[in-house]
Amino acid sequence: GESVGLHLPTLSVQEGDNSIINCAYSNSASDYFIWYKQESGKGPQFIIDIRSNMDKRQGQRVTVLLNKTVKHLSLQIAATQPGDSAVYFCAENSYNTDKLIFGTGTRLQVFP
Amino acid sequence: NAGVMQNPRHLVRRRGQEARLRCSPMKGHSHVYWYRQLPEEGLKFMVYLQKENIIDESGMPKERFSAEFPKEGPSILRIQQVVRGDSAAYFCASSRNSGGYNEQFFGPGTRLTVL
């Protein structure tokens, strides 16, 4: 069935380094992808999104890359900070549906 | 602007009791979504509602679960005769418009514990 999955359940990085979180999706019909950040005890917070007509989108310290050929999505965080510690989820959607399909999440741990 | 509001934030119920979870969408949003999250897992879609209408309930269990979004007041997710497997975090999201490409804003969640 449809699924969105992540390669790494936990990622540990040193403060100041760059982080890369990966996500694989299986539904070729998906054309909208979102990264969410979830801190402990809180709801998911929107980070950045990308549509399938793009392969790269940049925000403040974050970049999302989309490779439709291999159905792969990644989130790059530059100069990772302690405040970036959280669980990160990718989610997929398509224009003709309303529900988001979430991956299982990657826990990002930032150490000094 | 107030974000999506959910209450209660924590709810404890004994097996067989009923649980009622409330969600008030952001101002100007008329589309509400409910998701369930088990520990260490991603969110799973349950139901999508507009005012007075259930649009998509493909993720709702067939029994004991129901949802509504009345003309006035918050959206309610109701779980009857709760079982321990219902213990989870339940998140509500809202959006201004329908269809894909519309950002869904999430509330802080209700953490349900069934004893």
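Letters A, B, ... are given to chains in the order of the sequence lines, protein chains preceding strands, and every chain is numbered from 1.
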With a 4.5 Å cut-off on side-chain heavy-atom distances among I, L, V, M, F, W and Y, is there a chain of contacts connecting A/Phe33 to A/Leu65? no
Shortest non-hydrogen separation from A/Phe89 to B/Gln37 and the atoms involved: CZ-NE2, 3.4 Å
Side chain from CB out, backbone as N, CA, C, O: work out which of these in A/Gln45 comes under 4.5 Å of a heavy atom of chain B, or both, or neither. neither
Sort by residue number and list every member of residues 58-92 of chain B having a non-hydrogen atom under 4.5 Å from chain A. B/Ser58, B/Phe91
Do the two ring centres, one from B/Tyr35 and one from A/Phe102, sit under 6.0 Å apart? yes
Chain B contact via A/Asp49 - side chain, backbone, both or neither, heavy atoms under 4.5 Å: neither
Could you tell me whether a side-chain N or O of B/Gln104 sits under 3.5 Å from a main-chain N or O of A/Asp98, the two making a donor and an acceptor? yes
Connected via hydrophobic side-chain network under 4.5 Å: B/Phe105 and B/Val47: no
Crowding at NZ, B/Lys51 (>12 non-hydrogen neighbours, <6.0 Å): yes
Indicate if A/Met54 and A/Trp35 have the same hydrophobic cluster label, given that clusters are the connected sets of ILVMFWY residues with side-chain heavy-atom separations under 4.5 angstrom. yes
Within a reach of under 6.0 Å around CZ of A/Arg61, are more than 12 heavy atoms found that belong to other residues, nucleotides or ligands? yes
Linking I/L/V/M/F/W/Y whenever their side-chain heavy atoms sit closer than 4.5 Å, directly or via other members, would B/Val4 and B/Leu49 fall into one cluster? no
Would A/Ile50 and A/Val62 show up in the same hydrophobic cluster when neighbours are defined by side-chain heavy atoms closer than 4.5 Å? yes
After noting the C-alpha distance and the side-chain angles of B/Phe106 and A/Phe46, does the key distance pass the side-chain contact (heavy atoms from CB on, under 4.5 Å) rule? CA-CA 9 Å; B/Phe106 284 84; A/Phe46 174 94; over 6 Å; no
